[in-house]
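These notes are about the structure you will find just below.
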Amino acid sequence: MEDLFGHSYPSTNKTLFADIILPVPIPRSFTYSVDPEIQDEIGIGYRVMVQFGKKRILTGIVAKVHQKAPEAYKAKPILDLLDDFPIVNALQIKFWGWMAGYYCCHIGEVMNAALPSGLKLSTESKVQIHPDFDLENPSFPMDERELVILEALEKNPEMNVDQLEPLVAAKDLHKIIKSLLAKKAILVYESVKEKYSPKIETRVRFSPEYLSESHKLNELFEKIKGKVKQENVLLKYLQQVPVFNDQALNEQGLAKKVLTDAGCSSSSIDTLVKNKVFETFKIKISRFDPIKVEEKSIELSQDQLEAYESIQHEFGTKSTVLLHGITGSGKTEIYIKLINEVLDSGSQVLLLLPEIALTTHLVSRLQKVFGDTMGIFHSRYSDNERVDVWQGVLSGKYNFIIGVRSSLFLPFDSLGLVIVDEEHESSYKQFDPAPRFHARDAALMLAWLHQAKTVLGTATPAFESFYNAQTGKYGYVKMDKRYGGAELPHFHLADILKDKKKNLLKLDFTRLMREKIQEALNNQEQVLIFQNRRGYAPYISCEECGWIPECEHCDVSLTYHQYQNELRCHYCGFKEKVPNKCQACGSEKITTVGSGTERIEENLSLLFPEARILRMDLDTTRSKYGYQKILEEFGSGNVDILVGTQMITKGLDFDRVSLVGIVDADRILFYPDFRSGERAFQQITQVAGRAGRRNKTGNVIVQTRRPDQLIFNHIIEGKYTEFYQQEMGERRQFYYPPFVKNIKIVVKHKDFKITETAAFQLKNLLVEIEGRKIILGPEKALIGKIKNLFHFEIWIKLERSTQAQEHFKHEMAQKISELHGDKRFRSVRFLVDVDPS
DNA sequence: AGCACGCCGACT
DNA sequence: GTCGGCGTGCTC
């Protein structure tokens with residue numbers, strides 16, 4: 001507490017209390033008392049250690065400090081204050097609170113998602129010998145295994161429980177510790193363990209005495225003359241660190257690794273250290289390689305400049321702008337200019353990208369402009385790397401972050417601009433685990449909390465966003481020319497059924513598709529083939545009786561993967577060998593049905609034996625750099641055809657791709673869900689955007705059984721708005737978003753009957769809630785059982801007003817916990833998904 | 001969620 | 001007898 005003159009006083013003698021966010025799924029805040037010693041330091045965003053329940057010690061985050069003692073119970077004290085400065089700021093706490101409220105989850109779940117686990121301290125149980133216990137003179141008989149433990153502790157007075165595990169059979173350990181504890185032979189206590197460790201580098205440099213007088217160095221060389229190895233070390237060092245020119249350089253030293261990499265042995269360096277010629281020291285270094293800024297300023301084309309100015313103009317009255325720019329229209333340069341401007345004004349910038357787009361050229365492009373001031377937040381980063389980025393934001397090292405959805409949680413304190421690239425991308429919304437937030441929507445809230453501007457960039461806006469632009473809530477800027485005057489690709493519809501009748505459909509490919517592929521191959525151009533289904537065949541089947549192998553744990557057929565010759569469940573990971581006989585009738589006539597990427601790849605190699613083919617799907621990109629490797633391979637031009645799932649629709653920019661083929665457009669289009677049309681439009685347009693660049697018009701072949709569908713017309717002609725309006729008519733009529741708010745509740749349990757009953761009872765309770773709403777279901781989910789849990793779904797359609805939503809969500813939470821209180825439904829899980837995808 | 005407490009069956 | 005199965009209740 002400070003007075004007017006900035007003097008600080010110890011706090012008043014009133015006891016302080018703190019509301020702590022704890023990583024537990026309980027919808028309550030927990031109040032602890034603050035001991036006087038830490039009263040002056042504690043504040044919002046500090047990490048603390050508290051006891052929770054009888055045994056658990058947890059780390060939590062201070063959400064609020066106040067003087068109101070809880071009435072119903074006596075607050076436990078905070079055990080320890082863990083930081084010298086807050087690790088989370090007040091805006092973040094607000095953001096967490098909003099997220100928990102909006103997405104109907106617990107704030108502890110938000111905290112878990114927000115903090116890199118390196119910042120979540122873990123406790124470990126440590127064991128030591130009881131001070132009053134005498135091993136030589138035990139007051140009770142001991143068995144051999146107890147003795148083993150005690151002897152180990154004798155040697156090493158502080159051990160954690162894990163370390164003891166190898167000494168005895170794992171199952172017994174708990175028992176032994178318990179009995180030793182009861183006999184007062186040992187003590188068990190919890191200790192906190194910081195998981196994050198900065199990256200440390202060992203460096204060497206001249207000892208100061210050698211440096212102060214230059215003749216000493218000459219003497220040194222005399223002294224070690226003939227000792228080739230040591231000489232070599234010195235020369236290498238001087239080569240890297242020319243201390244003769246500038247003595248100050250010695251201070252920095254040289255990484256020991258540089259010398260060893262250059263062929264100096266570690267022992268020869270050690271000798272120099274032993275003789276006090278060199279000294280070693282350790283410093284913290286960044287996990288990220290330094291990056292040079294290569295291009296400071298960028299030139300905008302006329303179109304880009306106009307778009308940029310329109311955005312600025314819209315920002316005059318609106319805080320969010322939808323930038324609707326077709327693929328290749330050059331949104332990146334506009335981003336760069338906007339980012340530069342905000343950075344110059346001293347504010348921070350966040351650029352969100354979908355997971356899959358983060359390894360692409362966009363990142364390296366931006367890196368060239370922004371260098372080391374740009375932090376990258378990747379989902380494949382290790383935990384230490386994440387903490388490094390987190391601390392980079394805290395320290396001000398990074399004022400610009402480019403990252404995936406979880407980068408929303410970084411400790412920004414003054415965002416000026418948030419850009420959500422590919423804002424339509426459905427992977428921004430995820431279901432598991434909670435919080436089930438939509439990164440675009442959360443970004444808008446985050447920006448609002450910071451009073452920052454937001455740009456939503458896309459070639460195919462999400463209908464929600466376009467609706468907001470149409471109704472004037474967002475500004476709208478359109479770019480419909482390709483950068484450098486390149487033309488849009490030509491679309492061709494290929495009728496699968498027609499070709500089939502005429503026997504022209506070969507191995508899933510229509511005649512038109514085959515001809516166009518051949519043409520591209522002849523011209524040394526590259527081809528992308530899109531099939532949104534991995535594996536070899538979606539299922540196998542007995543020709544005699546129609547038997548189809550299904551997953552033991554889920555309500556799905558097993559996908560055949562030829563490469564490993566196994567059947568796999570794409571929902572739970574279950575695997576089994578391919579049966580050689582039908583398990584129902586014993587027939588050996590088993591065939592594969594349908595085509596996934598594996599089979600498409602095989603078919604292509606049969607149709608075009610001379611072509612070099614590569615496949616990109618979850619199975620070929622599982623390793624850390626798998627995705628990048630395939631992209632590089634394709635980019636190098638050593639590959640003619642790339643077959644892939646969704647993955648190939650993102651971030652591929654290769655000039656030599658002239659043809660894009662979609663094997664089965666119907667699969668995208670006829671998915672049973674109100675968004676299927678929107679999604680089909682987006683996916684087909686996105687993948688088509690990969691065809692043809694700069695100076696060559698590309699081709700897109702869309703194979704379908706229903707070429708008469710109106711949507712194809714809209715896609716082919718690029719008529720987004722017409723398509724939007726047509727779909728909107730239906731959405732309005734049948735109460736779909738954006739005209740209503742959707743909430744989905746998934747009811748899960750291992751017993752079918754219990755799941756069903758719980759779901760129906762919940763519906764009955766929800767119906768009682770006041771306000772206008774439509775409740776659909778419960779219905780068995782599309783996939784009725786996953787991992788041995790039955791799924792039922794309830795869909796709720798609500799008025800859009802915030803008030804109506806908040807009221808409903810609040811009541812709903814009560815009803816769910818009411819139902820949970822019923823002992824029959826104790827173990828039933830109710831998952832709430834707001835704005836489900 | 002985790003963890004304790006408490007109440008029942010099958011084992012050294 | 002006790003160990004351990006899991007149903008129930010609570011966590012500031």
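Letters go in sequence order (proteins before strands), and every chain restarts at 1. Side chains are part of it too, since the values below use all heavy atoms of this structure and drop only hydrogens, waters and symmetry mates.
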Exercise for the section: Kindly check if the number of other-residue, nucleotide or ligand heavy atoms within 6.0 Å of NE2 (His810(A)) is above 12? Expected result: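 No, because the 6.0 Å sphere around NE2 of His810(A) holds 12 heavy atoms or fewer from other groups.
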Exercise for the section: Kindly check if the number of other-residue, nucleotide or ligand heavy atoms within 6.0 Å of OH (Tyr73(A)) is above 12? Expected result: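 Yes.
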All N/O pairs under 3.5 Å across the protein-nucleotides 9-12 of chain C interface:
{"unit_1": "dT11(C)", "atom_1": "O3'", "unit_2": "Gly53(A)", "atom_2": "N", "d": "3.1"}
{"unit_1": "dC12(C)", "atom_1": "OP1", "unit_2": "Tyr32(A)", "atom_2": "OH", "d": "3.3"}
{"unit_1": "dC12(C)", "atom_1": "OP1", "unit_2": "Gln51(A)", "atom_2": "O", "d": "3.4"}
{"unit_1": "dC12(C)", "atom_1": "OP1", "unit_2": "Gly53(A)", "atom_2": "N", "d": "3.4"}
{"unit_1": "dC12(C)", "atom_1": "OP2", "unit_2": "Gly53(A)", "atom_2": "N", "d": "3.3"}
{"unit_1": "dC12(C)", "atom_1": "OP2", "unit_2": "Lys76(A)", "atom_2": "NZ", "d": "2.3"}
{"unit_1": "dC12(C)", "atom_1": "O3'", "unit_2": "Thr31(A)", "atom_2": "O", "d": "2.7"}
{"unit_1": "dC12(C)", "atom_1": "O3'", "unit_2": "Lys76(A)", "atom_2": "N", "d": "3.0"}
{"unit_1": "dC12(C)", "atom_1": "O2", "unit_2": "Thr31(A)", "atom_2": "N", "d": "3.1"}
{"unit_1": "dC12(C)", "atom_1": "O2", "unit_2": "Tyr73(A)", "atom_2": "OH", "d": "2.0"}
{"unit_1": "dC12(C)", "atom_1": "N3", "unit_2": "Tyr73(A)", "atom_2": "OH", "d": "3.2"}
{"unit_1": "dC12(C)", "atom_1": "N4", "unit_2": "Arg28(A)", "atom_2": "NH1", "d": "3.2"}

Expressed as a whole number of angstroms, how long is the span from [X]:[atom1] to [N]:[atom2]?
X         : N      : atom1 : atom2 : result
Phe825(A) : dG7(C) : CZ    : P     : 16 Å
Ile21(A)  : dA1(B) : CD1   : C1'   : 17 Å
Asn112(A) : dG2(B) : CG    : P     : 9 Å
Asp822(A) : dG7(C) : CG    : C1'   : 14 Å

Handout entry: Phe792(A)-Phe830(A) aromatic ring centre distance below 6.0 Å
Key =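 Not under 6.0 Å, so no.
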Handout entry: Aromatic contact, Phe437(A) with Phe95(A) (centres under 6.0 Å)
Key =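 Not under 6.0 Å, so no.
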Handout entry: Minimum side-chain heavy-atom gap Val746(A)-Asp833(A) below 4.5 Å
Key =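 No, their side chains stay 4.5 Å or more apart.
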Problem - Beyond-backbone contact of Lys199(A) with Glu385(A), side-chain heavy atoms, under 4.5 angstrom - result: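 No. Closest side-chain heavy atoms not under 4.5 Å.
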